[in-house]
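Down below is the structure, laid out as structure tokens.
Order of the sequence lines fixes the chain letters, A, B, ..., with proteins taken first and strands second; residue numbering starts at 1 for each chain.
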Number of protein chains: 2
Amino acid sequence: MVSIKDIAKSVGVSTATVSKALNHKSGVSQTVRNQIIEKAKEMGYVVNGLARGMKISKTFTVGVLVSDIKNPFFSEVISAMERVLYAKKYNLMICNVGENPQKEVEYLELLVSKKVDGLIVAPAAEGQNLSIYRNLVRHGMKIVLFDRLIDSVNCDSVVIDNRASIYEVTKYLKDRGHKKIGSIYGIEKSYTGHERLNGFKEAIEELNLEYHKEWVRSGFFREEDSYKQSLEILAKSSKPTAIIAMNNFSTLGLMRAVKELEIKVPDDLSIIGFDDAEWMKVCSPSITTVIQPADAIGMTAATLLLDAIENENIHTIQHVVLKAKLIERESVKSLI
Amino acid sequence: MVSIKDIAKSVGVSTATVSKALNHKSGVSQTVRNQIIEKAKEMGYVVNGLARGMKISKTFTVGVLVSDIKNPFFSEVISAMERVLYAKKYNLMICNVGENPQKEVEYLELLVSKKVDGLIVAPAAEGQNLSIYRNLVRHGMKIVLFDRLIDSVNCDSVVIDNRASIYEVTKYLKDRGHKKIGSIYGIEKSYTGHERLNGFKEAIEELNLEYHKEWVRSGFFREEDSYKQSLEILAKSSKPTAIIAMNNFSTLGLMRAVKELEIKVPDDLSIIGFDDAEWMKVCSPSITTVIQPADAIGMTAATLLLDAIENENIHTIQHVVLKAKLIERESVKSLI
DNA sequence: TTGTAGGCGTTATCAA
DNA sequence: TTGATAACGCCTACAA
């Protein structure tokens, strides 16, 4: 590998001069500068990021922790982050932590050792590693939390109004004559799972809807569990007239159960999903669903992190709450 | 940040001893070793990967280049890679290059400067950067190509038997009485696009099926284009009885057109998709499709790369071809 | 078993 | 405008 030393020798100047020239700093005559740049290109010079990183304490790398990159929601968020970060020449280190706090810890340590400039994190479900995040922040690590919040970690965050959106959706069903509403909710101990379920419960209570324990089951945000729980709900003789699924996998599981039982949607059962996916437009009936602004979430998180990194002194911590929105399609029937 | 120097001072030994102890190397007494490890933990020491990387010329980081992380196929492949690489404590740098060769070049340079230990790449569509890859290999960079091949780059690769699988699928339709078969193919200049289309053309010819130019259109592996082209095909008075879509987005676009035109599948039109997605099981009718072994592709690619990196001397280059397989569901009708 | 010292490739300081 | 040199934190001969 060719280094600035090689270039220096080849051009007949010092490494200091080469460094200045290549970094477009002042203190080099135009002629020498051009010579150096020319020669560098000719020799195929590429800066050694490790050495530079050591020297300037900056790596142009950020770590991203999510629970599952296969979840289309996270894919879309990550894709948006990538767009923003690439524009500033940063790389992303993607870490899939499942819901495994141990893996979360290990990845965090790996990322710290690699001296990432910042972290964008959807913390593992139960927030067991709260103290680690607090510690990182205290040591100056720039962190942006998204999707899931952890209390008392003093850093930027981007989430949606989970509670309100589920509340509204439940009301939407009531307004269409539904009184018996079930739901496939997620991981109760996770931020999103908790918030969405609470939005649902609040709505049930405040809007005087029937609450039926059998109709409200956790699918743990997983397709398989959601499928099984949906079967349980739909096998009863006393069924709800509508079910809300609280993320994309839950929606999928519910749909599988519905198909298997040959239940007609929306005639025999209305369905509202959560998250968007291309297929929800395309299947029959198309799925009415709550769409998270995944792209905006990713862009916002990345932008906040960049600001925290590059304007360390003037950056002020922000807690951004974005709105999710209901898209009406064909899976809800009005009973009125 | 605490360094081995701090630990050395604190324990009262030299940095050399600390380094040996922390890296589980011989030459340190058990007592001193324990003291050091203890103290390191106490002080919250984390190794500086940049310094280490510089010294040992290894970063435990690999770069992954794909065209679109939002494509569920790539998400699944990446997820499998992550599993394999995490087990050996490697990190992934994910680079979304779209089909933009310029971005591909820039990311490549970024990754080289960051001294990644290897690269796993699905090259941008038209393979314009062939010479760059060749150069990298020549300079000792470990590369595994997947999904798309580039000729004359001397490195490991993992692909599926695109041509054969489309051929078989076409035959499958013929065996069920279909003689008028259309297709929404992909990017003709890309490896996968080209191979799949050729498999189709070969089948049409060899099996004496009707070839109708109007029925064979490129959707560029994109949903929107595939949708439009599907509309074109289906608007004609003389329609095919079956259409093969050649990736997941093409399938989606085709489905959208079908839904919009209220065409009954499979009664009025049979459909075979490509790639799998959870929804294809769930929608009505469920979609008969060619499934790529995405998980195996990712695992194989990562395993090959690890072998190339860790057993540099004895590693032999392999070109793995995996089989795609047709999953029969409900979207094909037998006309016989 | 332990320690000394050099060097990986940069950048930054300061003197020439 | 230029260059010599120190330092970033680590690993590793080699010496003690």
Heavy atoms from C-beta onward define the side chain here; which of [options] lies closest to that of [X]?
X: A/N48; options: C/dG9, D/dC8, D/dC11; answer: C/dG9
X: A/T15; options: D/dC11, D/dG3, C/dT11; answer: C/dT11
X: A/T17; options: C/dT10, D/dG3, C/dT11; answer: D/dG3
X: A/A51; options: C/dT10, C/dT11, D/dC11; answer: C/dT10

Are OP1 or OP2 of [N] and a side-chain N or O of [X] less than 4.0 angstrom apart?
X: A/S14; N: D/dA4; answer: no
X: B/K25; N: D/dC11; answer: no
X: A/S3; N: C/dG9; answer: no

Review point. Any donor-acceptor pair under 3.5 Å between the side chain of A/K20 and the base of D/dG3?
Key: yes

**Study point:** Side-chain donor/acceptor of A/K55 to base of C/dA12, under 3.5 Å
**Key:** no

Flag, side chain of [X] to backbone of [Y], donor-acceptor distance under 3.5 Å:
X: A/D117; Y: A/V62; value: no
X: A/K89; Y: A/A87; value: no
X: A/S19; Y: A/A16; value: no
X: B/T300; Y: B/A296; value: yes
X: A/N129; Y: A/P101; value: yes
X: A/R33; Y: A/K25; value: yes

Practice item. Kindly calculate the angle separating the two end axes of the helix from C/dT1-D/dA16 to C/dA16-D/dT1, each obtained from five base pairs, and round it to 10 degrees. Key: 40°

Between [N] ([atom2]) and [X] ([atom1]): distance, integer Å:
X: A/K9; N: C/dG9; atom1: NZ; atom2: C1'; answer: 13 Å
X: A/R52; N: C/dC8; atom1: CZ; atom2: C1'; answer: 16 Å
X: B/L50; N: C/dT11; atom1: CG; atom2: P; answer: 13 Å
X: A/K58; N: D/dC8; atom1: NZ; atom2: C1'; answer: 17 Å
X: B/L22; N: D/dT12; atom1: CG; atom2: P; answer: 13 Å
X: B/I4; N: C/dT4; atom1: CD1; atom2: P; answer: 13 Å
X: A/M54; N: D/dC11; atom1: CE; atom2: C1'; answer: 11 Å
X: B/I7; N: D/dC11; atom1: CD1; atom2: P; answer: 11 Å

Review point. Hey, are A/T61 and B/K114 close enough side-chain-wise for a donor-acceptor pair under 3.5 Å?
Key: yes

Review point. With a 3.5 Å cut-off and no angle check, do the side chains of B/S14 and B/T17 form a donor-acceptor pair?
Key: yes

Check your understanding: Would you call B/E106 and B/K103 a salt bridge, taking side-chain N to carboxylate O under 4.0 Å as the test?
Key -> no

Point to revise | Residues A/R148 and A/E104 bridged, charged N to O under 4.0 Å | key: no

Exercise for review: Tell me which residues in residues 28-38 of chain A put a heavy atom below 4.0 Å from DNA chain D, sorted by number, or none.
Suggested key: A/V28, A/S29, A/V32

